[in-house]
Amino acid sequence: MEKYKKLIEAAIKAKSKALPTYSNFFVGAALLTNDDKIYTGCNIESSSYSLTICAERTAIFKAISEGERKFKAIAITGDTDDYISPCGACRQIISDLCGEIDVLLVNSKGDFITNKTSGLLPFAFGDDILRP
Ligand code: THU
């Protein structure tokens, strides 16, 4: 999709900033706000492995911390032949903080498929369950 070309390029660029000290698996993400701003993120690993943060959550937390609340799409890329698949924790955070957006899964060649949040996390736990 031509409309997401810039977003995909931003995710690929963000991947080069990753700090995957232990896994050597580079991931980049780029999040598009409703008013067309882009926030990027990469994975950052810790020697205490579980403290590692994924690229998607880096991008989302950066945007939220700058006051952004409404999003249209997120592009995620890794050095994978197949389209990258976001982890379960990131699916939950996308669902909670971004809502029903386009999720672009980009492979190492820059090809991508588009999904929706609910397609990646059907029957999601969320705000509506806590506050019916
Ligand atoms: N990773 C991401 O950044 N996003 C995902 O959706 C999957 C996994 C990172 C976390 C860790 O730094 C590395 O990839 C290997 O799991």
Side-chain angles (χ1 to χ4, degrees):
M1 248 180 285
E2 190 59 30
K3 68 171 173 171
Y4 289 138
K5 195 169 179 281
K6 242 181 89 180
L7 192 68
I8 290 168
E9 282 168 1
I12 292 169
K13 199 167 164 201
K15 178 169 55 111
S16 68
K17 307 269 173 42
L19 196 63
T21 313
Y22 307 98
S23 71
N24 201 33
F25 185 69
F26 287 68
V27 186
L31 178 66
L32 186 65
T33 68
N34 264 9
D35 54 358
D36 291 323
K37 270 195 267 168
I38 292 176
Y39 288 83
T40 59
C42 60
N43 55 326
I44 303 165
E45 296 186 351
S46 166
S47 61
S48 182
Y49 299 162
S50 66
L51 301 181
T52 289
I53 186 159
C54 292
E56 301 89 313
R57 279 177 289 145
T58 304
I60 294 166
F61 294 158
K62 276 171 69 181
I64 295 282
S65 69
E66 293 297 322
E68 303 291 350
R69 291 293 184 270
K70 301 268 183 217
F71 306 101
K72 289 202 272 209
I74 187 167
I76 309 157
T77 190
D79 294 326
T80 48
D81 292 341
D82 207 348
Y83 305 108
I84 193 165
S85 178
C87 80
C90 289
R91 291 175 198 223
Q92 182 68 42
I93 289 294
I94 293 169
S95 175
D96 281 334
L97 301 181
C98 303
E100 185 71 340
I101 60 170
D102 286 337
V103 184
L104 280 60
L105 309 176
V106 186
N107 70 13
S108 55
K109 285 195 272 176
D111 299 328
F112 66 99
I113 51 170
T114 306
N115 217 313
K116 284 278 182 190
T117 305
S118 61
L120 291 167
L121 190 66
F123 196 54
F125 185 81
D127 186 59
D128 52 329
I129 299 168
L130 289 174
R131 283 183 285 189

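Please read these numbers as outputs of a predicted model, since none were measured by experiment. As a basis for the values below, the full set of heavy atoms in this structure was taken, side chains included, without hydrogen atoms, waters or symmetry mates. As the structure lists them, so they are numbered: ligands from 1, and atoms in each ligand from 1.
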Item to check | Salt-bridge present (Lys5, Glu9; N to O < 4.0 Å) | outcome: yes
Checklist entry - How about Glu100 and Ser118: does a side-chain donor come under 3.5 Å of a side-chain acceptor? => result yes
Item to check | Contacts of Lys37 that satisfy side-chain contact (heavy atoms from CB on, under 4.5 Å) - sequence neighbours left out | outcome: Thr33, Asp35, Tyr39, Glu68
Checklist entry - If you group Ile, Leu, Val, Met, Phe, Trp and Tyr by side-chain heavy-atom gaps below 4.5 Å, do Phe26 and Tyr83 land in one group? => result no
Could you list, one pair per line, each nitrogen or oxygen of ligand 1 together with any protein nitrogen or oxygen closer than 3.5 Å, giving atom names and the distance rounded to 0.1 Å?
from: ligand 1; atom 1: 3 (O); to: Ala55; atom 2: N; distance (Å): 2.9
from: ligand 1; atom 1: 4 (N); to: Glu56; atom 2: OE1; distance (Å): 2.9
from: ligand 1; atom 1: 4 (N); to: Glu56; atom 2: OE2; distance (Å): 3.4
from: ligand 1; atom 1: 6 (O); to: Glu56; atom 2: OE2; distance (Å): 2.5
from: ligand 1; atom 1: 6 (O); to: Cys87; atom 2: N; distance (Å): 3.0
from: ligand 1; atom 1: 12 (O); to: Asn43; atom 2: ND2; distance (Å): 2.9
from: ligand 1; atom 1: 12 (O); to: Glu45; atom 2: OE2; distance (Å): 2.5

Checklist entry - Quick one: CD1 on Ile94 to CZ on Phe71, what's the gap to the nearest 0.5 Å? => result 11.0 Å
Checklist entry - Would you say Thr117's side chain and Ile101's backbone share a donor-acceptor pair under 3.5 angstrom? => result yes
